[in-house]
Protein chains: 2
Amino acid sequence: MASRPSTTLSGPLARRLADSGLRATPQREVVYDVLLKKRDHPTAEEVFARVKPALAGISLATVYNCLETLVQCDLVRAVNFERGPTRYCPNLRPHAHFHDDATGATHDIDLPPAVLTKIKSVLPAGYEANAVEITFRGKAKSAR
Amino acid sequence: MASRPSTTLSGPLARRLADSGLRATPQREVVYDVLLKKRDHPTAEEVFARVKPALAGISLATVYNCLETLVQCDLVRAVNFERGPTRYCPNLRPHAHFHDDATGATHDIDLPPAVLTKIKSVLPAGYEANAVEITFRGKAKSAR
DNA sequence: CTTGATATTTAGAACCATTCCAATTGGCTG
DNA sequence: CAGCCAATTGGAATGGTTCTAAATATCAAG
């Protein structure tokens, strides 16, 4: 009995948006695609630049809007490091971030459940955490 | 052979500053005192407000300068939460922060060495961390 | 396919925390 | 007490982000 989804609602993005009563727009699709394509934790400005070729007329405000929407839908995570510009990350598994002082790059570090458990064990009774954020700062020797 | 420390150089603050070739000034002393006195992770503006009674003419720029100086000397730590204003914390032991969504308050959570070790164990070879930051977000039931 | 109701996008102004600037003030050394 | 450099100051400038009001796009119903 659900009314037939209109033509534009299709991909996983559209579904998620619809679940929140939001619409799938070209801007949202392209912003999300850009994040999936190059997972280097871009800033809003960087996303803006990457989106432009596909959607010449898009505005920076819209990029901010789309990013916030994606974060709300739990499709993307916002990452902050010391008052620098917010960066965006489509990796939804539990992970920490490693900020390379030398290059400014941000790397994902997977967090095994056991470690996550141990970390949460430091909370005294009465503290109920909805989320943990773990950030390393240091130098990463080149991958080789 | 060290030249006699001049009269104003005395407390632990003055010593630390001198170690870095910096001077002990009334502004720095008062800013540091304020941080020690009420350890509720105040912002620069809040420190500014608390310092004024003792040093009526102090400027906000100076508060920022003093705070940065104290951070450089490792007497104080700067704490960031999701692009909010930087907060300052004189607790130098390894600890995480718990950000209470309901009240906006920030609480220190001690980190036992064992947990710290476990956390660092997630880093793949080649990643050398100089610092880790751990932040919880959630609700803290009132202390009692 | 049109219409109306509602979301979304847009450009630009506004905002806020912070940093920068150039000038003044202060403290220590000689 | 002279000179030098550090520190402070007020105000302007910056950078990232959010707000605003108007234009536009989307969807559901008819």
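Just so you know, these numbers use all the heavy atoms, side chains as well, and skip hydrogens, waters and symmetry mates. We name chains A, B, ... by the order of the sequence lines, and we start the count at 1 in each one. All figures in this text were calculated on a predicted structure; none of them were measured in a lab.
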May I ask you to evaluate whether A/Thr86 reaches the phosphate of D/dT17, defined as a side-chain N or O under 4.0 Å from OP1 or OP2? yes
Return yes when atom CD of A/Glu68 has more than 12 non-hydrogen atoms of other residues, nucleotides or ligands closer than 6.0 Å, and no otherwise. no
Distances under 3.5 Å only, N/O to N/O: pair up the protein atoms with those of nucleotides 22-24 of chain D.
none

Stretch residues 75-84 of chain B: residues that reach within less than 4.0 Å of DNA chain C through a heavy atom: none
Nearest-Å distance for atom pair CG/P, residues B/Leu17 and D/dC5: 21 Å
For residues 52-74 of chain A, which residues have at least one heavy atom under 4.0 Å from DNA chain C? A/Gly57, A/Ile58, A/Ser59, A/Ala61, A/Thr62, A/Asn65
Look up atom NZ in B/Lys52 and atom CZ in B/Arg50, then write down how far apart they are to the nearest 0.5 Å. 13.5 Å
Looking for any heavy atom pair under 4.0 Å, which part of the strands does A/Thr43 touch: base, sugar-phosphate only, or nothing? nothing
Answer yes or no: is there a side-chain heavy-atom contact under 4.5 Å between B/Glu133 and A/Glu82? no
Per atom distances to the A/Leu22 side chain, the nearest of C/dT8, D/dT17, D/dA7 is C/dT8
Can you tell which of D/dT8, D/dT17, C/dT9 lies closest to the side chain of A/Ala44? D/dT17
C/dC28 phosphate, OP1 or OP2: any side-chain N/O from B/Arg23 under 4.0 angstrom? no
Going by the angle between their ring planes, with limits at 30° and 60°, are B/His99 and B/Phe81 parallel, tilted or perpendicular? parallel
With a 4.0 Å cut-off, would you call A/Arg77 and A/Asp108 a salt bridge? no
Rounded distance [0.5 Å steps], OH in A/Tyr88 versus CG in A/Leu67: 5.0 Å
To the nearest Å, how far apart are B/Phe48 CZ and C/dC16 C1'? 15 Å
CD1 (A/Ile134) and CD1 (B/Ile134) are apart, to the nearest 0.5 Å, by 5.0 Å
Above 12 or not: heavy atoms from other molecules or residues under 6.0 Å from CD of B/Gln72? yes
Approximate separation, where rounding is to 0.5 Å, of A/Asn65 CG and A/Leu60 CG: 9.5 Å
So A/Gln27, base contact, sugar-phosphate only, or nothing? Heavy-atom distance under 4.0 Å. sugar-phosphate
Do B/Arg16 and B/Asp74 have side chains that get closer than 4.5 Å, going by heavy atoms? yes
Can you tell me how far apart CG (B/Leu13) and SG (B/Cys73) are? Round to the nearest 0.5 Å. 7.5 Å
